[in-house]
There are 2 protein chains.
Amino acid sequence: MMLMMGLEQFTFKKLAVEIDSAEASIYRYFENKHQLLLYLVSAYWEGLHHELDEKLKSTKDRMQGLDYALQLISGVSGRPVFMASLHPDKLRRIVVAESSKAYHTVQVDENNRKGLFLPYKRFCYELTELVRSVNADYNYPSALVSTLIETALNERYFSDHLPSLTELKSGSNVDQELYLFLRDLCARVLQTKLDSRRHSSQQILL
Amino acid sequence: MMLMMGLEQFTFKKLAVEIDSAEASIYRYFENKHQLLLYLVSAYWEGLHHELDEKLKSTKDRMQGLDYALQLISGVSGRPVFMASLHPDKLRRIVVAESSKAYHTVQVDENNRKGLFLPYKRFCYELTELVRSVNADYNYPSALVSTLIETALNERYFSDHLPSLTELKSGSNVDQELYLFLRDLCARVLQTKLDSRRHSSQQILL
DNA sequence: GCACGATGATAGTAATACTATCAAGACCTT
DNA sequence: AAGGTCTTGATAGTATTACTATCATCGTGC
């Protein structure tokens, strides 16, 4: 429902009608709509974090780890993502469309103090460590990571709604294109080839 | 008022009380709160666009033009920005905190068709042309530009509210640090030194 | 002195975001 | 099997929000 009608139009009342319950009952589970959004967004980042940890257990190569992280945030990682019994694909689309509203509020600082952004921050921190492993001399690992993550969401949204702002063409393989863009960006910034599969010419990066 | 209480808490009713008018009177000027936001955000991008055009008239060097554009979006450009008699500094803070809500709605496509995002898109397009001038071989000029612009807003917001996500330290010269980060990012991606003033060591980029 | 266009004031509505209260059922103990 | 408690649901109500409709006023040009 949230995906279809957007966060603004989505209400607990409508949800209650849909699931044949009462508005007040929903409030027992979630303080308000914003807390529900926070829960969904956190579930998403926890899910990605879990997937990344699994990968890092089986791979010691930090470069490959970072590459996999970019696949995760691009939505092209092979195996289905574990995330609290929620549909990964729909959850990702909600995050793409609404997650910025999770922290663009007057209560950011209060919510941050309460630890409500910890899953997101922990995932960022793990990526930052990977960036540091790949290039210890780069001065802005944290800023690069938050940029990559936010860019993954933004560019994906732009490709669907403001296509003139990006080269990524909305279609069946946007996510793949997004991944290639992020990998290219990351590789240029960190001045490394990000994965073993070498690309012979620039055309592949198109 | 919008800056102080945030877009959600800000209402036309409160504004009417503040300026000693009536709620319905405000509706004569702006269809609704969202249209007001759209107006403010557009005024901001129009203002930056105007400043950039002024600069490009006096400078033929596209590299310096791009550098100036980065100064503009970082908020470190010397002269005060012309923007429809609005206080540039407050306007920028509103844009940093709220602009993502301007297009993260169910009505994006409709608003986009109506041309409500044109000022933003035109500014992006002008930057994209600068990027192309500086490096014609780079495959993602549009995506890079939207990334730089959104990153300028995001990282600025993070430095104030989620500081662990960025190296930029909230303080008197955040904007300067932001500018250095964006210039470094842009230079690495486009594989060029962005301005004439060469920096002798990496410390300066910190 | 009058017409009119722009603005303001008053009042009202539907929907939203809650809150309070009470009732029903599950289950746990003795 | 009776009693108590804990969880969940249903009902009803409130303050606020986001508008809309209608009427009054005021300055301006002619």
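Chain letters run A, B, ... following the sequence lines, proteins first, then strands; residues in each count from 1. Quick caveat: nothing in here was measured; it's all calculated off a predicted structure.
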Asker: If you pin B:Glu31 and A:Ser25 to their nearest nucleotides in DNA chain D, which one's is more 5'?
Answerer: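 The 5'-side residue here is A:Ser25.
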Asker: With a 4.0 Å cut-off on heavy atoms, is B:Tyr29 in touch with a base, just the backbone sugar-phosphate, or nothing at all?
Answerer: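 Answer is sugar-phosphate: B:Tyr29 comes under 4.0 Å of backbone atoms only.
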Asker: In whole Å, what is the span from the CD atom of B:Glu8 to the P atom of D:dT16?
Answerer: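 The distance from CD of B:Glu8 to P of D:dT16 comes to 18 Å, rounded to the nearest Å.
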Asker: Within a reach of under 6.0 Å around NZ of A:Lys13, are more than 12 heavy atoms found that belong to other residues, nucleotides or ligands?
Answerer: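 It does not: A:Lys13 NZ has 12 such atoms or fewer within range.
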Asker: Atom CG of B:Leu36 and atom P of D:dC19: how far apart are they, to the nearest Å?
Answerer: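 Roughly 12 Å, once rounded to whole Å.
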Asker: Scan side-chain atoms only and decide if A:Glu167 and B:Ser142 contain a donor-acceptor pair under the 3.5 Å cut-off.
Answerer: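 There is such a pair between these side chains.
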Asker: Please say whether more than 12 non-hydrogen atoms of neighbouring residues, nucleotides or ligands are located less than 6.0 Å from CZ in B:Phe30.
Answerer: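 More than 12 heavy atoms, drawn from other residues, nucleotides or ligands, come within 6.0 Å of this atom.
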Asker: Given side-chain hydrogen bond (donor to acceptor under 3.5 Å, both in side chains), test B:Tyr179 with B:Asp67 step by step and report yes or no.
Answerer: CA-CA 9 Å; B:Tyr179 164 60; B:Asp67 185 65; 2.6 Å; yes
Asker: Tell me whether the count of non-hydrogen atoms from other residues, nucleotides or ligands lying under 6.0 Å of NZ in A:Lys14 goes above 12.
Answerer: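 Yes, enclosed.
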Asker: Measure NZ/B:Lys13 against C1'/D:dT20 and give the value in whole Å, please.
Answerer: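 Rounded to whole Å, this separation is 15 Å.
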Asker: Calculate the interatomic distance between B:Phe10 atom CZ and D:dT16 atom C1'; express it in whole Å.
Answerer: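 To the nearest whole Å, that distance equals 16 Å.
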Asker: Look at the side-chain N and O atoms of A:Lys33 and state whether any lies under 4.0 Å from the OP1 or OP2 oxygen of C:dA17.
Answerer: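 The answer is yes; a side-chain N or O of A:Lys33 sits under 4.0 Å from OP1 or OP2.
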Asker: Taking the side chain of A:Ala24 as its heavy atoms from C-beta onward, which of C:dT19, C:dT10, D:dT17 lies nearest to it?
Answerer: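 Per side-chain heavy atoms of A:Ala24, the pick is C:dT19.
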Asker: So which nucleotide from C:dA17, D:dA18, C:dA20 ends up closest to the side chain of A:Thr11?
Answerer: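 Within the option list, the nearest is C:dA17.
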Asker: Give me the residues of residues 108-117 of chain A where at least one heavy atom lies under 4.0 Å from an atom of DNA chain D, by number, or none.
Answerer: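 Contacting residues: none.
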Asker: Could you check if a side-chain atom of B:Val174 sits within less than 4.5 angstrom of a side-chain atom of B:Glu155, using non-hydrogen atoms only?
Answerer: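 When only atoms from C-beta onward are counted, B:Glu155 and B:Val174 do not touch, as no gap falls below 4.5 Å.
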Asker: Taking atom C1' of D:dG9 as reference, at what distance in whole Å does atom CG of A:Asp20 sit?
Answerer: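 Whole-Å distance recorded here is 12 Å.
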Asker: Whole angstroms only, please: what is the CZ-C1' distance between A:Phe12 and C:dT19?
Answerer: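 Interatomic distance, CZ of A:Phe12 to C1' of C:dT19: 14 Å.
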Asker: Establish, with yes or no, whether the OP1 or OP2 oxygen of C:dT7 is under 4.0 angstrom from a side-chain nitrogen or oxygen of B:Tyr27.
Answerer: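 For C:dT7, neither OP1 nor OP2 has a side-chain N or O of B:Tyr27 closer than 4.0 Å.
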Asker: Could you tell me how far apart A:Arg28 (CZ) and C:dG25 (P) are, to the nearest whole angstrom?
Answerer: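 Checked: the CZ to P distance equals 16 Å.
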Asker: Please confirm whether the ring centroid of A:Phe158 lies under 6.0 Å from the ring centroid of B:Tyr103.
Answerer: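 Yes, the ring of A:Phe158 comes within the 6.0 Å limit of the ring of B:Tyr103, centre to centre.
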Asker: Rounded to the nearest Å, what distance is computed from the CD1 atom of residue A:Ile26 to the P atom of nucleotide D:dG9?
Answerer: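 Nearest whole value for this atom pair: 8 Å.
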